Student: 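Structure provided below as structure tokens; questions to follow.
This is a predicted model, so every value here is computed, not measured.
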Amino acid sequence: MKIKSWIYGMYKAFEKYVKLEGYYLLHRIKAKYYIIYREEGGAGFFSNYMCVLGHIVLARKFGYIPVVDMKNYKTLYSEDIPVAGTENAWNYYFQDAGGVTLEEAYASGRCVNCNGKYLEKYSDKYVMPKWRYPTEKTIRFYTPFVEKHMRLREDLEAEYAAEWSRRAGEKDVVLGIHIRGTDMKNRLGHPTPAPVQDYLEKTYRLLQDHPEITKIFLATDENNIKELYEKQFRDSKWELFMNEAFRLWDHGEEKRTGVHETKLDNPRKLHKYLMGKEVLQDVWFLNQCDYLICGHDNVANVVILWNQDRYKQVICLDPVEDAR
């Protein structure tokens with residue numbers, strides 16, 4: 001029976017390989033470009049980011065040039081009019097993944113489409129089993145792909161850098177805090193974040209242990225958390241600062257809506273684009289910090305991936321279900 005089970009397991013593994021890797025291996029004979037998209041509009045900004053990263057890994061494995069299509073395959077961040085001179089929402093924020101424009105790739109007639117799905121095998125390499133927390137091996141594996149194929153637009157990075165310099169000086173030691181709320185509290189597949197009081201407790205403890213810290217940068221999607229931290233640190237010796245961003249109030253609803261899913265009656269101009277720009281700026285800022293307090297979510301995972309173990313200390317709070 002063990003031999004039969006082993007043979008069956010090998011058969012299923014081979015079948016899975018043929019359905020995915022085998023398909024792209026066969027098409028490599030004539031195709032040159034690998035078109036990356038996410039079906040049904042995708043999800044949150046950094047969920048889409050990690051999805052694209054996984055497909056870039058697959059594309060490079062088989063020698064394809066990766067090209068991201070968020071023009072014909074819209075996301076929650078896609079506008080109806082061009083932004084920054086492009087209709088491709090990927091290029092609102094990032095340079096061309098393979099150094100080739102979407103138009104050039106399609107004009108070649110040598111394209112193969114991805115399957116539009118999140119590929120755990122390629123997007124979650126070497127992560128810790130629960131909540132996809134990056135390990136040192138994860139960081140080493142993905143860094144070359146991120147640095148070569150997922151570069152920010154130069155104008156956007158320059159804007160972020162100028163704003164950071166305005167808020168934090170060279171001699172400042174900054175504690176970065178990311179607290180995710182809204183739809184993460186719905187217990188629908190996401191890790192339920194720890195209570196904000198737990199974050200405050202960790203914040204004060206870290207500040208006590210590291211008196212060299214001069215400023216605190218807070219990134220959050222909830223106004224309740226923003227106001228609580230503002231109240232706590234209004235008259236303290238630590239300067240608290242945040243980026244301008246669209247946030248929601250938590251009024252105790254049974255089911256919360258994420259900022260990226262919220263439908264507004266009177267949205268600000270280019271609201272979808274700005275949501276992406278704002279969360280990207282938060283991650284860029286968190287990456288500049290010296291210390292990090294966070295939970296388990298895609299924003300924190302990408303920050304840790306980008307930071308490449310440069311933080312002096314990282315405190316990641318366990319989700320509610322793990323803390324019991």
Side-chain angles (χ1 to χ4, degrees), residues 44-46 128 130-134 167-168 172-188 190-253 256-260 278-279 281-307 311-324:
F45 190 91
F46 283 104
M128 294 178 67
K130 209 165 190 180
W131 314 130
R132 305 200 296 263
Y133 189 84
R167 306 301 297 271
D172 282 314
V173 178
V174 185
L175 164 61
I177 305 172
H178 177 252
I179 308 177
R180 182 78 156 78
T182 63
D183 59 319
M184 289 282 284
K185 300 177 181 179
N186 291 332
R187 298 179 179 271
L188 296 175
H190 291 120
T192 305
V196 66
Q197 289 297 334
D198 291 1
Y199 280 90
L200 269 176
E201 179 183 333
K202 295 292 185 183
T203 300
Y204 280 118
R205 186 177 301 174
L206 195 145
L207 291 172
Q208 181 178 1
D209 292 343
H210 299 281
E212 72 274 16
I213 294 174
T214 57
K215 293 186 178 182
I216 303 168
F217 170 67
L218 174 66
T220 183
D221 56 353
E222 277 195 10
N223 281 311
N224 306 60
I225 297 169
K226 173 180 178 289
E227 287 201 346
L228 178 61
Y229 264 80
E230 285 176 332
K231 181 179 179 181
Q232 291 290 321
F233 292 97
R234 183 169 293 126
D235 299 317
S236 75
K237 67 176 184 178
W238 300 282
E239 179 186 336
L240 174 73
F241 66 103
M242 287 165 269
N243 289 322
E244 289 294 326
F246 174 68
R247 300 181 178 91
L248 295 176
W249 291 97
D250 180 359
H251 297 297
E253 300 93 335
R256 284 86 166 181
T257 303
V259 292
H260 55 291
E278 288 161 356
V279 71
Q281 182 173 351
D282 276 347
V283 168
W284 199 95
F285 272 36
L286 288 167
N287 186 34
Q288 309 310 307
C289 296
D290 302 282
Y291 296 87
L292 177 68
I293 296 176
C294 62
H296 287 279
D297 56 72
N298 285 314
V299 166
N301 291 345
V302 171
V303 168
I304 292 167
L305 182 64
W306 282 10
N307 194 260
Y311 287 122
K312 296 177 181 178
Q313 185 176 351
V314 176
I315 298 174
C316 190
L317 279 72
D318 287 334
V320 171
E321 53 265 43
D322 287 354
R324 291 175 179 173

Student: Do Y311 and V303 pass the side-chain contact (heavy atoms from CB on, under 4.5 Å) test, and can you show the C-alpha distance, the side-chain angles, and the key distance before you say yes or no?
Tutor: CA-CA 10 Å; Y311 287 122; V303 168; 2.8 Å; yes
Student: Would you say the side-chain atoms of N307 pair up with the backbone N or O of N287, donor to acceptor, closer than 3.5 Å?
Tutor: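 Yes.
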Student: Step through the shown structure and confirm whether more than 12 heavy atoms of other residues, nucleotides or ligands are within 6.0 Å of CD on E244.
Tutor: no
Student: Could you check whether the rings of F46 and W306 sit parallel, tilted or perpendicular, using 30° and 60° as the cut-offs?
Tutor: perpendicular
Student: How close do V173 and D290 get, counting heavy atoms only, and between which atoms?
Tutor: CA-OD2, 3.3 Å
Student: Any side-chain to backbone donor/acceptor pair from W131 onto P191? Under 3.5 Å, distance only.
Tutor: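 Between the backbone of P191 and the side chain of W131 there is no qualifying donor-acceptor contact (under 3.5 Å).
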Student: Got a second to check how far R167's CZ is from F217's CZ, nearest 0.5 Å?
Tutor: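 If I round to the nearest 0.5 Å, the distance is 8.5 Å.
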Student: Looking at the rings of Y229 and F241, which for Trp means the six-membered one, are their centres under 6.0 Å apart?
Tutor: no
Student: K215 vs D172, test: salt bridge (Lys or Arg N to Asp or Glu O under 4.0 Å). Steps then yes/no.
Tutor: CA-CA 7 Å; K215 293 186 178 182; D172 282 314; 3.3 Å; yes
Student: Rounded to the nearest 0.5 Å, what separates atom NE2 in H296 from atom CG in N301?
Tutor: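 It comes to 8.0 Å.
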Student: What distance do H210 atom NE2 and L206 atom CG have between them, rounded to the nearest 0.5 Å?
Tutor: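 Between H210 NE2 and L206 CG, I get 4.5 Å after rounding to 0.5 Å.
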Student: Where do L286 and I177 come nearest, in terms of heavy atoms and distance?
Tutor: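 In terms of heavy atoms, the two residues are closest at CD2-N, 3.8 Å.
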Student: Do you know the tightest heavy-atom contact between H178 and Y199?
Tutor: O-CE2, 3.8 Å
Student: For N223 and R247, work out which heavy atoms get closest and say how close.
Tutor: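 Looking at all heavy atoms of both residues, the shortest contact is ND2-O, 3.5 Å.
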Student: Any non-hydrogen side-chain atom of V174 less than 4.5 Å from a side-chain atom of I216?
Tutor: no
Student: With a 3.5 Å distance limit and no angle check, can you tell me whether E253 reaches the backbone of H251 through a side-chain donor-acceptor pair?
Tutor: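 Such a contact is found between E253 side chain and H251 backbone.
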Student: Give me the atom names and distance for the closest heavy-atom approach of A194 to D318.
Tutor: CB-O, 3.7 Å
Student: Check whether T220 reaches the backbone of R180 with its side chain - one donor and one acceptor, N or O, closer than 3.5 Å.
Tutor: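 Not a single qualifying donor-acceptor pair exists.
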Student: Would you name the heavy atoms of C316 and Y133 that are closest together and state the gap between them?
Tutor: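 In terms of heavy atoms, the two residues are closest at SG-CE1, 3.8 Å.
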Student: Run the salt-bridge test on E201 and R205 with the 4.0 Å N-O cut-off and return the result as yes or no.
Tutor: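 A salt bridge links E201 with R205.
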Student: Are a donor atom and an acceptor atom from the side chains of N298 and R132 found within less than 3.5 Å of each other?
Tutor: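 There is such a pair (donor and acceptor under 3.5 Å, judged by atom type) between the side chains of N298 and R132.
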Student: List the steps and the verdict of side-chain contact (heavy atoms from CB on, under 4.5 Å) for H260 and V279.
Tutor: CA-CA 10 Å; H260 55 291; V279 71; over 6 Å; no
Student: Please check this pair: side chain of E278 against backbone of F246, looking for a donor-acceptor N/O pair closer than 3.5 Å.
Tutor: yes
Student: Give the C-alpha distance, both sets of side-chain angles, the deciding distance and a yes or no for salt bridge (Lys or Arg N to Asp or Glu O under 4.0 Å) between E222 and K226.
Tutor: CA-CA 6 Å; E222 277 195 10; K226 173 180 178 289; over 6 Å; no
Student: Side chains of N224 and D250: is there a donor and an acceptor less than 3.5 Å apart?
Tutor: no
Student: Is any side-chain heavy atom of Q232 closer than 4.5 Å to one of L200?
Tutor: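 They are in side-chain contact.
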Student: Would you compute the distance between atom CG of L207 and atom NZ of K202 and round it to the nearest 0.5 angstrom?
Tutor: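 Reported to 0.5 Å precision, the distance equals 13.5 Å.
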